[in-house]
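Labels below follow one simple rule: chain letters A, B, ... track the order of the sequence lines, proteins then strands, and each chain is numbered from 1. These values consider heavy atoms only, across backbone and side chains, with no hydrogens, waters or symmetry-generated copies.
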Amino acid sequence: MSVPEVVMLATGVVGGAAALLVVTSRNVVHSALYLVVALLAVAGVFLVLGAEFVAWAQVLVYVGAVVVLLLFGLMLTRAPIGPTGQGNELGKAMPLAVALAVFAGLVALIVTSYGGEVIALEHVPPAALGEVLYVAWALPFMTLGFLLTLALIGAVVIARREEGEGPLPEPDPDEPEAAEASPPDSSSWPQRQPEPTPDEREVSA
Amino acid sequence: MATSVFALEPLWLALLLQALAALLLFLIGAVVVGYLEHKVLAHMQDRLGPMEAIWHGIGQLPADGLKFLQKEDIIPTAADRWVFALAPAVAVVPGVVVIAVLPFGPGLWLTDLDAGIFFALAASGVTVLGTLMAGWSSANKFSLMGGLRGAAQLISYELPLVLAAAAIVIQAGTLSLPGIVEAQHGFTLFGVPMIYGIPHIIGLGLFFVAALAELSRPPFDMPIADSELIAGHMTEYTGMRYAFFMLSEYAGMVILSALATVLFLGGWYPWPGVGLPEGAAGMVLGFVITFAKILVLSAIMVWLRATFPRMREDQLQRLSWSVLIPLGLLNIVLVATAKVWF
Amino acid sequence: MAAVYPLIFAALLFSVGVYGLLSRRHAVLVLMSIELMLAAVTVNLVTFWAIAGDALLTGQVFALFVMAIGAAEIGVGLAIIMLIYRNRASVNIDDADLMKY
Amino acid sequence: MSETLPHEGGVILPGGPGEAMSVEIRDGGLVTQEMNLNIGPQHPATHGVLRVVIDLDGEVIVRARPVIGYMHRGFEKLAEARDYRQIIALVNRHDWLSAFCNELGVALAVERLMELEVPERAQWIRVLMSEWNRILNHLMFIGSFGLELGAITPVFFSFREREDIQSFLESATGGRLHFTYTRVGGLKEDLPAGFLDASRQMAATMRSRNDEYRQLLLGNEIFQARTKGVGALAPDVAVDYGVTGPTLHATGVAEDVRLSEPYCVYDELDVKVPVRTNGDSYDRFVVLLDRIDASLDLIEQVHEGLPAGPVNRKMPKTVKAPEGATYVRTENPLGQGGYYLVSDGGKTPWRMRMRTPSFSNIQMVPELLEGSLLSDMIAILGSVYFVVGDVDR
């Protein structure tokens with residue numbers, strides 16, 4: 001076995017195990033942490049295959065941002081992050097059967113079609129990728145940038161709670177404090193109530 | 001691919017040596033910067049700082065390390081044991097990995113990746129996972145808030161950091177760190193050899209501010225704000241695990257200072273256009289120059305700590321999203337325009 | 001290197017993703033399963049590029065595109081989950097069935 | 001109409017056993033998640049053992065309740081078992097940062113009951129000591145406020161000055177923190193040789209150093225952003241809660257006992273009361289700096305006008321206050337201190353009730369905290385000047 005094959009097998013085993021733990025772990029935060037391992041393994045596979053830039057992009061985007069965002073969301077919603085969350089029931093036969101069938105089908109397909117195929121590994125410098133990305137793929141690339149911007153705006157619009165919209169606390173005669181509570185907004189850092197405008201700050205200075 | 005002094009055969013020996021060298025550099029860098037912080041801060045505050053451990057207290061940090069080793073390793077009952085135990089390691093490992101691609105002199109790097117700067121930024125972003133893991137697993141509300149603040153801060157400051165670095169990449173035309181140093185060596189501004197830091201003053205400022213925020217250094221130290229959150233995600237940690245977090249903070253200072261040195265201050269060359277002697281003398285001189293630049297930048301970080309109060313969380317977010325990121329985008333447009341023009 | 005290794009790894013990731021998607025009811029876990037499946041797709045793209053040796057590096061470029069879409073999906077998905085959670089105090093996707101009736 | 005769903009087996013949830021976070025469902029499907037957080041009694045920002053229980057929504061404080069009493073040492077009761085000389089040593093311990101002003105209050109109360117006339121020189125020296133004590137106190141808070149906001153340098157500068165001032169005060173009183181310099185009927189002893197020179201010199205130094213503090217903090221963008229408009233206290237609220245001292249002056253109310261009910265020789269001196277109008281953290285801090293200047297003015301006036309003469313009256317071996325009651329107000333560094341002294345003619349008070357400024361100031365804190373951010377809480381707590389020992393007594 002050559003060095004790339006050993007590395008490939010090792011990352012594959014680690015990544016596969018981590019992926020299994022992602023979907024079977026009882027604790028959602030643990031799942032997210034296992035997802036980190038699985039995605040790092042994917043980056044390792046990219047490295048072996050010679051796609052260096054894609055590998056680092058995988059680390060930057062997924063490990064550095066996506067999983068952090070997931071964990072952040074988990075902690076921010078204070079959703080059940082304990083071991084017994086809602087809807088974490090496991091052991092359904094159906095999903096297992098479907099997944100096994102998919103896996104078996106795919107493996108059979110792969111082995112029959114690519115059983116003897118051998119990859120000639122080559123290293124692609126990022127410069128080469130940059131050249132095709134900004135020349136041949138320029139238009140799709142820009143479209144993608146547009147999509148990302150839209151997604152960002154959409155996410156902000158969805159997660160944002162506007163004034164007066166959404167579940168406002170009902171004035172409760174028994175609990176006068178509840179009526180005073182300002183609509184909480186846990187998605188963005190809320191302004192303090194008596195936030196002075198820049199002009200007012202000037203005056204008070 | 002550029003050659004490295006560690007290009008040895010067989011492969012495993014080279015890898016082992018590289019790993020050891022990275023670890024050593026990591027520790028030395030962290031200890032030196034830690035000592036620098038003790039002393040610079042002390043003198044700025046009209047006091048002496050550590051004086052007893054050997055000469056002028058230079059043995060203070062190793063002594064602290066020994067003390068940390070002896071301390072009891074406490075894991076709170078309600079903590080999530082595995083995550084709690086792993087978090088300090090997750091905080092430290094990216095630093096060690098990034099050290100491997102940093103050039104400390106001509107030929108003095110462990111490996112020269114084609115996408116060096118991209119790799120360094122990607123890997124250093126992983127550090128926040130350690131913060132989040134520590135914050136969540138400690139079963140402490142202050143820790144959780146510290147972890148959340150750390151994550152929010154990192155997500156918003158990763159962007160200006162990458163944008164500032166991207167402008168330099170456009171200028172230099174390469175992602176490789178030694179490549180950027182060499183490109184900078186040949187850079188002239190209206191015929192005068194110039195470091196990138198002068199025409200890219202916006203980028204330098206952006207990079208430095210974002211680096212401070214990434215490292216949770218004052219004035220952006222809300223995740224560990226001692227007067228608000230005790231010590232944030234580190235509240236429940238003791239002994240060696242706590243020391244790991246401190247190490248990763250100081251090593252982070254070294255790493256980001258080194259990156260700023262490479263990107264903006266001309267790397268191991270004293271000034272673009274001024275060469276170094278060939279061979280070992282050049283290596284030593286280059287190492288000294290690089291390290292001096294790193295120490296100056298670290299000292300500025302310490303200086304800011306001595307000067308500034310802490311910002312507030314919402315002010316920090318506003319600064320990033322409404323000042324730094326637009327500025328970073330503008331910077332890229334300016335640099336690209338200038339690059340095409342000239 | 002034999003081409004089956006990365007392909008089987010991708011198949012494994014994809015099936016695990018399918019299993020997670022079908023068996024778990026926690027919305028964030030569902031998102032994670034989708035991420036696993038997307039990762040499997042990128043592995044496949046890069047592997048087929050390595051097999052075919054395309055001059056335009058189509059596999060790598062598409063892997064990057066998938067990554068960007070994955071990031072966008074996570075952003076919007078999490079925003080929706082937060083909103084559902086805020087309104088229904090639940091992140092169980094079976095609870096978000098208001099549109100069904 | 002709210003039902004609380006406790007977390008099913010919330011083991012790892014932050015907050016620990018029994019304090020798992022709850023999800024609250026009100027009509028209309030409202031979900032609020034509030035986090036209950038104990039700031040203190042062992043928290044680095046509460047200088048001492050104050051505990052503030054807050055409910056947080058994200059980082060916004062929804063409710064705040066200060067819990068006091070961790071440092072209750074029963075001074076009022078202790079005073080009933082001490083004679084009047086011993087009480088002097090007792091009272092300078094409840095607010096350890098304004099020791100002299102406290103003992104002065106007791107001495108004034110006893111003297112008023114006994115209708116004693118205190119020698120002129122002693123009165124002037126009492127003013128001198130009170131003002132130096134005021135500066136000592138304010139330096140402490142200037143340093144610690146910066147520290148709480150994350151500026152770690154000011155505290156070292158302010159403690160340098162505190163050391164210098166304490167050193168020359170020690171030459172007269174023998175104490176650095178608990179001076180115990182006042183006696184019923186005068187002072188322990190006259191000022192030592194060279195004291196006035198040292199005092200003059202220190203006053204000049206302090207004046208220039210005060211400008212240094214202004215430069216160090218006030219011009220700083222981040223400092224202004226953290227303090228301006230934060231924890232703004234309305235004058236009427238402040239008056240309603242009985243807030244006094246710098247915290248009150250920052251709201252624009254210039255009530256000061258040294259003016260409204262002068263004791264010692266304050267009526268012969270030109271007392272300036274610095275006042276700001278916004279009542280926010282920034283103004284409270286500036287008032288502190290301005291008060292140091294005002295105190296230095298008074299100190300210089302004392303240097304000019306200090307008369308010669310005895311500093312003590314001949315007192316009987318056992319000091320006995322005649323039957324009756326009196327209430328003496330003094331302007332302590334943190335606000336108005338008051339001593340209500342009831343005597344049954346014996347050698348110990350029948351009852352001594354203290355009115356301490358910190359106690360009143362801390363009552364108002366929930367008013368400022370609710371609706372502010374957790375980070376602002378630190379800026380607010382650090383600028384509503386209090387000493388925990390003075391709150392709990």
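For a residue to count as touching a neighbouring chain, one of its non-hydrogen atoms must lie under 4.5 Å from one of that chain's; by this rule A/L129 touches chain C with backbone and side chain alike. Both the backbone and the side chain of A/A32 come within contact range of chain C, with heavy atoms under 4.5 Å apart. If you measure heavy-atom distances from A/E131 to chain C, you find no contacts under 4.5 Å at all. Only the side chain of A/V48 has a heavy atom closer than 4.5 Å to any heavy atom of chain C. Heavy atoms closer than 4.5 Å to chain A are found in both the backbone and the side chain of C/I80. With a threshold of 4.5 angstrom between heavy atoms, A/V45 approaches chain C through side-chain atoms but not through N, CA, C or O. Looking at C/F65, the atoms closer than 4.5 Å to chain A (heavy atoms on both sides) sit in the backbone and in the side chain alike. Heavy-atom distances place both the backbone and the side chain of A/F141 under 4.5 Å from chain C. Contact annotation for A/L70: both backbone and side-chain heavy atoms come within less than 4.5 Å of a heavy atom of chain C. A/V42 touches chain C through backbone and side chain together, each having a heavy atom under 4.5 Å away. When heavy atoms are compared at a cutoff of 4.5 Å, A/L20 approaches chain C by way of both its backbone and its side chain.
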Working for side chain to side chain contact (heavy atoms under 4.5 Å, CB included), residues C/V46 and C/F62: CA-CA 8 Å; C/V46 172; C/F62 265 73; over 6 Å; no
Side chain to side chain contact (heavy atoms under 4.5 Å, CB included) evaluation trace for C/L78 with C/I74: CA-CA 6 Å; C/L78 267 182; C/I74 279 282; 4.2 Å; yes
Intermediate values then yes/no, side chain to side chain contact (heavy atoms under 4.5 Å, CB included), C/T47 and A/Y114: CA-CA 11 Å; C/T47 313; A/Y114 292 94; over 6 Å; no
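Highest contact tally toward chain C, considering only A/L144, A/V98, A/L106, is held by A/L144 [criterion: heavy-atom pairs under 4.5 Å]. Chosen from A/V66, A/V111, A/V135, A/I110, the residue pairing most often with chain C at heavy-atom distances under 4.5 Å is A/I110. Your options are A/V22, A/T11, A/V61, A/V107, and the one with the most heavy-atom pairs under 4.5 Å with chain C is A/V22. Interface check for chain C: of the options A/L133, A/V102, A/V54, the most heavy-atom pairs under 4.5 Å are formed by A/V54.
To the nearest 0.5 Å, atom CG of residue C/L36 and atom OG of residue C/S15 are 10.5 Å apart. Taking CH2 of A/W137 as the reference point, atom CD of C/Q60 lies at 12.0 Å (rounded to 0.5 Å). The CE atom of C/M67 sits 9.5 Å away from the CG atom of A/L39 when rounded to the nearest 0.5 Å.
Taking A/W56 as the reference, A/E52 meet the side-chain hydrogen bond (donor to acceptor under 3.5 Å, both in side chains) condition, with sequence neighbours excluded.
For residues 146-153 of chain A, the interface with chain C (any heavy-atom pair closer than 4.5 Å) comprises A/L147, A/L148, A/A151, sorted by residue number.
Taking 4.5 Å as the limit, some side-chain heavy atom of C/E73 sits within range of a side-chain heavy atom of C/L38. Counting only heavy atoms from C-beta outward, the side chains of A/V23 and C/S33 approach each other to under 4.5 Å.
Here the closest heavy-atom approach between residue C/N44 and residue C/A10 is recorded as OD1-CB, 3.4 Å.
In the displayed structure, C/F48 atom CZ is contacted under 6.0 Å by more than 12 heavy atoms of other residues, nucleotides or ligands. Heavy-atom neighbours of C/F9 CZ from other residues, nucleotides or ligands within 6.0 Å: above the threshold of 12.
Side-chain atoms of A/Y62 and C/E35 include a donor-acceptor pair closer than 3.5 Å.
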